[in-house]
Number of protein chains: 2
Amino acid sequence: MKTLKIPQATVLRLSLYSRFLEQVAEKGVVTVSSVEIADGVGVNPAQVRKDLAYFGEFGTRGVGYNVKELSQHIRKILGLHQVWPVVLIGAGKLGSALALYEGFQKRSFRIVGVFDNDPEKIGKKLGHLEILPLDRLAEVVEEEGSQIGIIAVPADAAQQVAERLVGVGIKAILNFSPCVLNVGEEVIVQNVDFSVNLEALTFNLQMRRTVQFR
Amino acid sequence: MKTLKIPQATVLRLSLYSRFLEQVAEKGVVTVSSVEIADGVGVNPAQVRKDLAYFGEFGTRGVGYNVKELSQHIRKILGLHQVWPVVLIGAGKLGSALALYEGFQKRSFRIVGVFDNDPEKIGKKLGHLEILPLDRLAEVVEEEGSQIGIIAVPADAAQQVAERLVGVGIKAILNFSPCVLNVGEEVIVQNVDFSVNLEALTFNLQMRRTVQFR
DNA sequence: GACTGTGAAGCCATTCACAGCT
DNA sequence: AGCTGTGAATGGCTTCACAGTC
């Protein structure tokens, strides 16, 4: 077992496996095979086995994988054995929805600060959190030890916010704004871009209309 | 120039090119090179040229691409020369944020119906749209000719909603719920999954702490 | 017999490098 | 000289196929 050079695609799938395993664990299932996991998340069984094999030998030949055990392993691989304090920039409609989303804590994330630059919003509450002005960002990041920031501001402010986040020591950004952020190599960015995904749908719909498939 | 077998990755990038071109068009720029586009969206210039070459020869050697012209071409390739009527299921926090998001119309999408099964919400307004019960779905889809549905409901309802959408003739689904949908081959699904993306961040943060990079 | 772990093969996507046009 | 379009080379990811284990 050696680490280093894990395909990005593998990491994304681990997340899916993890959720699937927690689902079946709730139903009381004790053992699963790679075929069951594969069916559950819509991939090839060999893929599942290969993905897991990057990190060790978790299964038993002839039997399969112990659900609880594998679930724990994957959570640890993904770093979810600890709680991650996250700062959220942008308290608009999307930002508010994210701030109030209960699903984060189930996956081991905790929003520790919500920031906005609109004086109208500052001081208001989102759940148990008060919306703070951006000047308080550095302070909160330091206090809480946040390494992750979520950007939920309009496109024209996103780059500026990104730089600010990097400036206060944030190491990873989840970007919901519809633009490409320009940050140093050392900062990890993941984009959640609905338009891009919607447009993949329209492209394919159009294709099917003009070209004959299978 | 032949169609068929366009890499999925190419389609996603086209969306980025499209947005980038509209940005620079607003600034009055007339011509761009593949290098400028590449820098703008963070990819390799050869990639840009290859992506575009799947669909024709849009550039002029020695000069570059005409911004307006290329922008139009790409919009057409993505199917954005027409307006797409979209139905949205789920009027919770996320659904509401999506219903009120102004960015969709800039990209040629129009939300034509918002649905929920919570009697508390039905009848309330989201912008100019009234929240409707799910029984009205078939009617709206038919009237508006929607082919695209957005799922913004909790995980435990998502599969059921997906089947309902397929049942009324929806051909493509943008899924915001944290689960893998099981629908027929003929339905196109794109998942927007924040947890998966967040967990890619934690994985990488953890990696960097334990393993030495470059 | 059932299922994992894994080398090898196959497939797809990205990047290089250069001919060809302006 | 500058830049596109593209075959060839490379790199990465997925799937196959089977030896190994229970």
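Each chain gets a letter, A, B and so on, in the order the sequences are listed, and its residues count up from 1. Here the structure is a predicted model, which means the values were calculated and not measured.
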Below the 4.0 Å mark, does dA13(C) have OP1 or OP2 next to a side-chain nitrogen or oxygen of N44(B)?
no

Using a distance-only test with no angle check, is there a side-chain donor-acceptor pair under 3.5 angstrom linking S34(B) and R49(B)?
yes

Can you tell me the distance, in whole Å, between the CG atom of N66(A) and the P atom of dC3(C)?
15 Å

Phosphate-side-chain proximity, Y65(B) and dG5(D), N/O vs OP1/OP2 below 4.0 Å
yes

So, is S34(A) close to the dT4(C) phosphate, meaning a side-chain N or O under 4.0 Å from OP1 or OP2?
yes

What is the distance, rounded to the nearest whole Å, between atom CD of Q8(A) and atom C1' of dT14(D)?
16 Å

Nearest-Å distance, CD1 (I37(B)) to C1' (dG5(D))?
14 Å

R13(A) side chain near dT14(D) phosphate (N/O to OP1/OP2, under 4.0 Å):
yes

Can you tell me if Y54(A) touches the phosphate of dT14(D), counting only side-chain N or O atoms and a distance under 4.0 Å to OP1 or OP2?
no

Can you check side chain to side chain contact (heavy atoms under 4.5 Å, CB included) on D193(A) and R19(B), steps first, answer last?
CA-CA 12 Å; D193(A) 195 319; R19(B) 274 204 315 236; 2.6 Å; yes

Considering only heavy side-chain atoms of A46(A), the closest of dA17(D), dT6(D), dT4(C) is dA17(D)

Rounded interatomic separation in angstrom, taking CD from Q47(B) and P from dT4(D):
15 Å

E57(B) has an atom CD; how far is it from atom P of dC21(C), in whole Å?
10 Å

Regarding S18(B) and R107(B), do their side chains bring together a donor and an acceptor under 3.5 Å, going by distance alone?
yes

Given atom CG of L12(B) and atom P of dA13(C), what is their separation to the nearest angstrom?
11 Å

Which residue lies toward the 5' end of DNA chain D, D51(A) or V63(A), if each is placed at its nearest nucleotide?
D51(A)

Given dT15(D), dT4(D), dA17(C), which nucleotide is nearest the side-chain atoms of S33(B)?
dT4(D)

Hey, which sits more toward the 5' end of DNA chain C by its nearest nucleotide, G62(A) or P7(B)?
G62(A)

Let me know the distance between NZ of K5(A) and P of dG12(D), rounded to the nearest Å.
7 Å

Quick check: any donor-acceptor pair below 3.5 Å linking the side-chain of K50(A) to the base of dG7(C)?
yes

Atom pair distance, as rounded to whole Å: CD1 in I6(A) and P in dT14(D)
13 Å

Which listed nucleotide (dA19(C), dA19(D), dT6(D)) is nearest to the side chain of R61(B)?
dA19(C)

In plain terms, say whether K106(B) and E22(B) are close enough for a salt bridge, that is, a side-chain N and a carboxylate O under 4.0 Å apart.
no

Among dG5(D), dT15(D), dG5(C), which nucleotide has an atom closest to any side-chain atom of R49(B)?
dG5(D)

Decide ring pair (Phe, Tyr, Trp, His ring centres under 6.0 Å) for Y17(A) and F20(A); before the verdict, give the C-alpha distance in whole Å, the side-chain angles of both, and the deciding distance to 0.1 Å.
CA-CA 5 Å; Y17(A) 303 158; F20(A) 174 76; 8.6 Å; no

